[in-house]
Number of protein chains: 2
Amino acid sequence: MDKTAQKILLKRLKLVAEIDAEDEADILALPVTMREFEAGIDIVSEGQFVRQCCILIDGFTHRYRHTLEGKRQIIAFHVAGDIPDLHSLHMNYMDHSFAATAQSRIGFIAHDAVWDLCVRRPRVAAALWRETLIDGAIFREWIVGLGRLSGQSRTAHLLCELAMRMQAVGLAPDHVYRLPLTQHELADALGLTVVTVNRVLRDLRIAGLVDRERSRMAIRDWDALARLGEFDPRYLHFRVPVMMSREAGREPG
Amino acid sequence: MDKTAQKILLKRLKLVAEIDAEDEADILALPVTMREFEAGIDIVSEGQFVRQCCILIDGFTHRYRHTLEGKRQIIAFHVAGDIPDLHSLHMNYMDHSFAATAQSRIGFIAHDAVWDLCVRRPRVAAALWRETLIDGAIFREWIVGLGRLSGQSRTAHLLCELAMRMQAVGLAPDHVYRLPLTQHELADALGLTVVTVNRVLRDLRIAGLVDRERSRMAIRDWDALARLGEFDPRYLHFRVPVMMSREAGREPG
DNA sequence: CGTCGGCTTGAGGTCGGTCAACTCATGTGG
DNA sequence: CCACATGAGTTGACCGACCTCAAGCCGACG
């Protein structure tokens with residue numbers, strides 16, 4: 001049996017906490033059901049009561065809500081290894097929706113199995129708890145951005161955040177990564193409109209900070225972009241600091 | 001020895017999870033150190049590495065960050081019973097500050113003691129985890145508001161949220177509660193300026209929705225305010241639904 | 001009784017929204 | 001192979017919610 005999902009989960013949990021051999025065995029033994037979702041499809045919808053968690057194997061997903069006026073606000077983006085609805089383990093009413101941004105493979109793990117694991121392996125429980133706390137730390141950062149930063153800065157911040165999170169799972173070599181988002185989706189995450197996002201991206205491109213074509217995003221001047229976005233990666237609470245400035249990140253030799 | 005802090009914690013945890021007699025005994029046995037803080041004083045500051053959690057006994061506190069421009073964004077408000085920095089149990093680097101809005105009594109509990117409790121009492125660990133998840137759910141709600149609602153709606157939403165959270169701990173009878181916030185602090189929470197907040201509050205008062213004088217906040221028309229703020233309390237994930245509309249909330253007889 | 005912090009209000013500016021048109025790449029069917 | 005539709009991106013013109021600046025007000029307090 002293919003253990004892709006379990007291995008990705010394991011790798012992620014090792015990134016946020018200490019995991020020993022016994023923990024590892026139990027994680028690898030988790031029963032996971034795989035499913036594929038096309039872009040734009042809801043994986044879990046607001047209002048549902050769920051009995052399983054999702055782990056993103058590959059692809060790109062987001063969480064969102066609509067206002068009564070029909071405006072959409074994207075609350076979070078998720079990349080491979082993320083467990084976007086882990087919170088449902090404790091609050092199984094979904095107060096927002098979770099959808100595939102691009103085609104995505106999702107592993108489903110029954111809450112019962114996760115509970116069981118948490119009871120037997122407190123260290124894993126701690127790691128999962130920590131995962132949800134990092135989720136929360138990212139929310140806080142978005143609040144600061146939405147409340148007090150300009151559209152430009154917010155955009156810069158988001159691009160830095162995604163670059164760093166993708167780099168952590170090996171998906172953003174040289175600050176180049178696949179960002180399968182329309183400008184409309186970016187706008188709904190940044191609290192802006194498509195028109196503004198378009199202009200912001202144009203300005204960032206002209207200033208030589210980023211270079212975007214199709215779903216490929218390239219950060220050309222990390223330091224400048226991070227400065228503009230007031231990006232301080234410590235809020236991501238990686239166990240091992242990740243260096244991103246131009247000078248760093250190259251293997252010695 | 002006075003067990004005020006432990007009792008408040010116990011009451012709160014019972015609100016979010018099932019707690020049995022043994023759990024209760026261990027919670028009441030937690031060592032807590034009390035301290036008083038004046039309004040405006042940092043209880044924990046950004047950048048610190050902390051080794052204890054805080055529980056708010058009484059008063060009013062908030063969490064905040066500053067942008068490089070010096071603008072402040074308030075990330076959360078906290079009322080009696082809240083554990084504002086519970087996340088520090090797993091991520092002891094503080095990525096934001098935590099301060100007393102009004103004079104407040106705070107109980108400090110060493111992380112070690114909480115860890116110990118979590119290991120011995122998985123049910124309590126689950127309750128605490130759940131607490132942090134509700135914190136996160138509130139962040140999500142704020143993101144939606146900051147990104148996609150008007151200043152008016154955001155303000156209405158915040159006033160509803162605080163009313164309901166205070167009602168849950170018995171501090172908002174008849175939708176009247178103590179809100180010891182300056183308009184400046186409200187503005188920094190809502191992503192607005194003092195001037196705008198002033199005008200929004202005036203309009204809400206004129207429309208007969210709220211009535212505010214000094215630090216006393218009275219919601220006059222809950223239904224209208226909730227509608228304006230698109231306030232759906234399910235995101236607070238109370239175990240027992242709280243009814244707030246005009247018709248409800250009165251004791252029968 | 002003067003000062004200070006918070007509240008209130010007016011006048012004018014701006015960032016980002018709205019509306020609308022055009023381009024461009026992709027895909028589909030005749 | 002072209003006609004056409006579709007969806008994303010791009011740009012201009014105008015508008016409005018909210019910001020900035022500034023002044024006056026009021027109660028608390030020394």
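Chain letters run A, B, ... following the sequence lines, proteins first and then strands; every chain starts at 1.
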So Val144(B) and Tyr235(B), side chain to side chain contact (heavy atoms under 4.5 Å, CB included) or not? Walk me through it.
-> CA-CA 12 Å; Val144(B) 175; Tyr235(B) 76 93; over 6 Å; no
Check: Phe98(B) ring centre within less than 6.0 Å of His96(B) ring centre | no
Residue that, paired with Trp142(A), satisfies side-chain hydrogen bond (donor to acceptor under 3.5 Å, both in side chains) out of Gln73(A), His157(A), Glu161(A) | Glu161(A)
Output yes when Arg63(B) and Asp135(B) qualify as a salt bridge under the 4.0 Å nitrogen-oxygen rule, no when they do not.
-> yes
To the nearest angstrom, how far is Asp203(A) atom CG from dC15(C) atom P?
-> 12 Å
Would you kindly give the CG-to-C1' distance between Asp188(A) and dA8(D), to the nearest whole Å?
-> 14 Å
When rounded to the nearest 0.5 angstrom, what is the spacing between CZ in Arg199(A) and CG in Leu204(A)?
-> 14.5 Å
Base, sugar-phosphate, or nothing: which does Gly40(B) touch, judged by heavy atoms less than 4.0 Å apart?
-> nothing
How bent is the helix from dC1(C)-dG30(D) to dG30(C)-dC1(D), comparing axes over its five end pairs at each side, to the nearest 10°?
-> 20°
Could you check how far CE of Met217(A) sits from P of dG9(D), rounded to whole Å?
-> 13 Å
Please state how far atom CG in Leu149(A) lies from atom P in dC19(D), giving the value in whole angstrom units.
-> 14 Å
Atom CD of Glu69(B) and atom P of dT20(D): how far apart are they, to the nearest Å?
-> 9 Å
Any residue meeting ring-ring contact (aromatic ring centres under 6.0 Å, His included) with His237(A), in chain and number order, not counting sequence neighbours = none
Could Arg105(B) and Asp58(B) be called an ion pair, given the rule that one side-chain N must be under 4.0 Å from one carboxylate O?
-> yes
Walk me through it: do Leu9(B) and Ile109(B) pass the test side chain to side chain contact (heavy atoms under 4.5 Å, CB included)?
-> CA-CA 11 Å; Leu9(B) 175 61; Ile109(B) 311 175; 4.2 Å; yes
Would you call Asp95(B) and Arg65(B) a salt bridge, using N to O less than 4.0 angstrom?
-> no
Would you mind reading off the distance between Lys71(A) atom NZ and dA17(D) atom P, rounded to a whole angstrom?
-> 10 Å
Rounded to the Å, how far apart are Glu213(A) CD and dT10(D) P?
-> 12 Å
When you check the phosphate oxygens OP1 and OP2 of dC19(D), does a side-chain N or O of Thr196(B) lie under 4.0 Å from one of them?
-> yes
Please write out the pairs of protein N or O atoms and N or O atoms of nucleotides 7-11 of chain C separated by less than 3.5 Å, giving the distance to one decimal.
residue : atom : partner   : partner atom : Å
dC7(C)  : OP2  : Gln183(B) : N            : 2.8
dT8(C)  : OP2  : Gln183(B) : NE2          : 2.7
dT8(C)  : OP2  : Asn198(B) : ND2          : 2.7
dT8(C)  : O5'  : Asn198(B) : ND2          : 3.2
dG10(C) : N7   : Arg199(B) : NH2          : 2.4

For Arg148(B) and dA17(D), give me the distance from atom CZ to atom P, rounded to whole Å.
-> 16 Å
